[in-house]
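Just so you know, these numbers come straight off a predicted model, no measurement behind them. Below, chains carry the letters A, B, ... as their sequence lines are ordered, and counting in each starts from 1.
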Number of protein chains: 2
Amino acid sequence: MKKRLSISDIAKNLGISVTTVSFILNDKAKEKRISDALTKRVLDYVNKVGYKPNQLAKSLRTGKSKTLGLLVEDISNSFFANIADQIEKLAYDFGYHIVYCSMNNDVNRAKELIQLFYDRQIDGFIIAPTEGLTEVIQKLLKNNVPVVLFDRHLEDLETNFVISENHNGALIGTRFLLEEKKASRVGLVTINSNQLQMRGRMEGYMEAVDAMGKDMLIKKIVRAQADEDTILQIRDFIQDNRLDGVLFATNYLALSGLKAIKRYDLGIEKVVSFDENAVFSLVEPAVSAISQNIHEIARKVVDILINEINGKNKELVQVVVPCEIIAR
Amino acid sequence: MKKRLSISDIAKNLGISVTTVSFILNDKAKEKRISDALTKRVLDYVNKVGYKPNQLAKSLRTGKSKTLGLLVEDISNSFFANIADQIEKLAYDFGYHIVYCSMNNDVNRAKELIQLFYDRQIDGFIIAPTEGLTEVIQKLLKNNVPVVLFDRHLEDLETNFVISENHNGALIGTRFLLEEKKASRVGLVTINSNQLQMRGRMEGYMEAVDAMGKDMLIKKIVRAQADEDTILQIRDFIQDNRLDGVLFATNYLALSGLKAIKRYDLGIEKVVSFDENAVFSLVEPAVSAISQNIHEIARKVVDILINEINGKNKELVQVVVPCEIIAR
DNA sequence: GTGAAAGCGCTAACAC
DNA sequence: GTGTTAGCGCTTTCAC
């Protein structure tokens with residue numbers, strides 16, 4: 001690779017000192033009362049030769065990288081993809097860049113990634129945490145690294161977080177099935193995870209079912225298993241319990257469920273899922289969605305993190321954002 | 001943030017020099033004939049206090065970051081999400097990390113990102129290039145930065161690339177509609193982009209249609225417009241031309257098309273799309289897919305890039321990977 | 001076998 | 001107003 005120009009090359013070529021160049025490049029020309037003429041000369045030259053400061057050296061020196069790390073479980077999940085997109089745009093307005101990482105359900109990878117980012121002097125973390133990350137995140141917090149969790153939080157961790165009103169969302173969704181759709185046997189398909197957002201959704205479901213004096217019918221799917229197994233389990237769940245309505249706790253569960261419904265002709269028509277997905281209006285039966293307010297979540301996440309970095313958060317900020325039902 | 005331990009802290013605490021610590025940490029203990037006892041003592045201590053080298057300083061010094069940049073248009077597109085996942089896993093086996101960025105159709109952002117990555121001493125780039133990136137990529141090449149393009153390539157750029165057999169894929173897909181499905185009026189919905197992979201797909205379609213002596217019916221959709229507009233245009237295209245079969249050049253076009261078909265009850269049953277998507281088996285009509293060999297593409301991309309970094313590519317490597325049809 | 005010291009490119013306190 | 005220089009944490013040459 002052709003040797004890149006450094007600030008001292010610039011200084012030498014211009015016959016001035018690196019300090020002056022540095023000040024000018026960092027918009028401190030006025031403050032340091034460097035002459036307009038010189039400022040212009042430097043800027044023009046820098047522009048002409050296309051000099052770009054080495055960010056690595058800059059970060060090493062300043063301890064700031066103007067970069068935030070975003071860790072999600074699966075970036076191809078439409079919920080995470082959308083939120084990542086929003087977060088990136090918002091952070092950009094504050095002069096921050098985002099590097100993402102998809103953890104793909106692998107705790108060890110996730111830990112390594114957090115460590116990697118930390119080693120690279122990332123200024124702050126945005127994490128949709130999985131179980132098993134408690135320890136690493138705890139370590140970050142102990143080192144005063146700015147962190148904000150979203151989508152869920154971890155029970156024994158005192159952190160900033162932004163989550164959706166899961167309980168209430170599930171409550172509304174279930175009621176929608178029972179009252180609007182007049183379903184009488186409504187099941188919940190969720191995952192066998194203790195993640196708080198899943199607990200909230202389950203409790204919301206339970207409350208709604210309970211209030212109507214109906215049976216609670218719950219299936220917990222093993223998270224890591226093959227899609228085919230999931231499909232079969234959902235089929236059995238629906239058939240064995242003669243469900244006429246079903247609430248899926250996540251959009252990927254709904255997708256597996258739809259495959260089951262279609263493939264085995266289960267004839268179920270009343271379906272609600274957490275998280276909107278482009279497919280839900282396309283399929284038969286159409287799926288109503290409990291949609292999380294992605295824009296609001298992203299906005300809060302970025303605000304909180306930037307404030308944290310700037311030391312403006314006096315105490316923990318924990319935000320719960322309402323959901324909305326999209327009836328189909 | 002609590003001050004992190006540096007290598008000199010370690011050396012000081014152990015009463016030895018930084019050199020020795022550095023050698024041991026970089027697996028040069030044997031080579032430099034450092035005693036086993038000392039090696040063990042250092043390793044144990046480092047482990048105990050949880051010291052991690054500052055990667056920034058390391059990269060600054062060595063000029064290598066063991067990190068690759070992956071730039072795609074839209075990481076929420078299932079094709080890119082899947083390929084990103086594979087690439088990440090493969091690169092990891094070579095000791096490389098991946099940082100992604102989604103360019104979201106914004107050339108300026110993309111340029112900035114490339115520059116940012118470059119400034120951060122990224123060891124190589126994997127890019128699914130959009131038009132307008134020619135210049136920046138040219139600049140990378142001029143600076144001998146290892147680059148490999150995938151999914152498409154840019155005409156006047158002499159680079160490594162890995163692409164699918166677009167022409168042949170479209171040919172097979174179109175033939176499938178004409179011969180297997182006995183469609184007689186088959187249209188192509190593509191985007192108004194000059195990207196080479198789109199040209200290849202169009203030509204494949206044309207060849208197949210031509211061979212059967214059928215009419216060529218092509219609609220180019222403006223890439224940036226609202227989904228609703230796309231839906232309306234596809235509806236009109238299908239209706240105005242009384243199509244009984246349609247080939248979509250990308251999976252997101254197919255998704256819009258499916259919305260049109262469903263919403264306006266177009267009654268079209270013979271549909272093929274480039275790129276597999278989880279939805280295609282769920283919807284009515286089921287969509288057959290011209291599936292790209294994602295695993296092979298990822299493997300080639302990583303191999304080529306690593307070889308390039310290690311100076312093992314004597315000349316440009318340009319690979320074309322066959323597609324496969326998933327009939328439904 | 002181990003250590004001293006230069007230097008990667010940058011910022012900023014201090015000097016003049 | 002501008003320059004000198006220390007130092008961020010690391011690797012590696014050279015010296016002993």
Note to self: At less than 3.5 Å, do the side-chain atoms of Arg61(A) and the base atoms of dG9(C) form a donor-acceptor pair?
What the structure shows: no
Margin query: Using the side-chain heavy atoms of Ser22(B), tell me which of these nucleotides is nearest: dA13(C), dT12(D), dC10(D).
Written below: dT12(D)
Margin query: Students often get this wrong, so: under 4.0 angstrom with heavy atoms, is Leu38(A) touching a base, only sugar-phosphate, or nothing?
Written below: sugar-phosphate
Check: Expressed in angstrom and rounded to an integer, what is the separation of Tyr118(B) atom OH from dG9(C) atom P?
Finding: 12 Å
Checklist line | Of Arg33(B) and Asn26(A), the one whose closest DNA chain C nucleotide lies more 5' | finding: Arg33(B)
Notebook entry, point to check: Can you check whether Tyr51(B) has a side-chain N or O nearer than 4.0 Å to OP1 or OP2 of dC10(D)?
Noted result: yes
Next item on the list: Starting at atom NZ of Lys66(A), determine the distance to atom C1' of dC10(C), rounded to an integer number of angstrom.
Entry: 17 Å
Notebook entry, point to check: For the side chain of Thr19(B), counting heavy atoms from C-beta on, which of dA12(C), dT13(D), dC10(D) is nearest?
Noted result: dT13(D)
Notebook entry, point to check: Is any NZ, NE, NH1 or NH2 atom of the basic residue among Lys28(B) and Glu31(B) found under 4.0 Å from an Asp or Glu carboxylate oxygen of the other?
Noted result: no
Review item, side-chain donor-acceptor pairs of residues 44-54 of chain A, under 3.5 Å, at least two apart:
residue	atom	partner	partner atom	Å
Asp44(A)	OD2	Lys40(A)	NZ	2.6
Tyr45(A)	OH	Asn13(A)	ND2	2.8
Asn54(A)	OD1	Leu56(A)	N	2.7
Asn54(A)	OD1	Ala57(A)	N	3.1

Item checked: Integer-rounded Å distance: dG3(D) C1' and Lys32(A) NZ -> 13 Å
Next item on the list: Could you check how far CG of Leu5(A) sits from P of dC8(C), rounded to whole Å?
Entry: 14 Å
Note to self: Taking the minimum atom-to-atom distance to the side chain of Thr20(B), which one of dG3(D), dG1(D), dT2(C) wins?
What the structure shows: dT2(C)
Checklist line | Gap between atoms NZ and P, on Lys28(A) and dG1(D) respectively (whole Å) | finding: 19 Å
Checklist line | Qualifying residue for side-chain contact (heavy atoms from CB on, under 4.5 Å) with Phe150(B), from Val72(B), Val319(B), Val321(B) | finding: Val72(B)
Next item on the list: Provide, to the nearest angstrom, the distance between the CG atom belonging to Leu56(B) and the C1' atom belonging to dT11(D).
Entry: 15 Å
Notebook entry, point to check: Backbone N or O of Phe161(A) within a donor-acceptor pair of the Thr159(A) side chain at under 3.5 Å?
Noted result: no
Notebook entry, point to check: Which nucleotide, dC10(D), dG9(C), dA5(C), lies nearest any side-chain atom of Pro53(B)?
Noted result: dC10(D)
Notebook entry, point to check: Any side-chain N or O of Ser17(B) less than 4.0 Å from the OP1 or OP2 oxygen of dG3(C)?
Noted result: yes
Check: Counting only side-chain N and O atoms of Lys58(B), is one of them less than 4.0 Å from OP1 or OP2 of dG9(D)?
Finding: no
Note to self: Between C1' on dA12(C) and CD on Glu31(A), what's the gap in Å once rounded to a whole number?
What the structure shows: 11 Å
Check: Would you say Arg152(B)'s side chain and Pro129(B)'s backbone share a donor-acceptor pair under 3.5 angstrom?
Finding: yes
Margin query: In this structure, how many angstroms lie between the P atom of dC10(C) and the CD atom of Gln55(A), rounded?
Written below: 9 Å
Next item on the list: Would you mind classifying the nucleic acid contact of Ser35(A) as base, sugar-phosphate or nothing, using non-hydrogen atoms under 4.0 angstrom?
Entry: sugar-phosphate
Next item on the list: With DNA chain D as reference, determine whether Ala57(A) or Thr62(B) sits nearer its 5' end, using the nearest nucleotide of each.
Entry: Ala57(A)
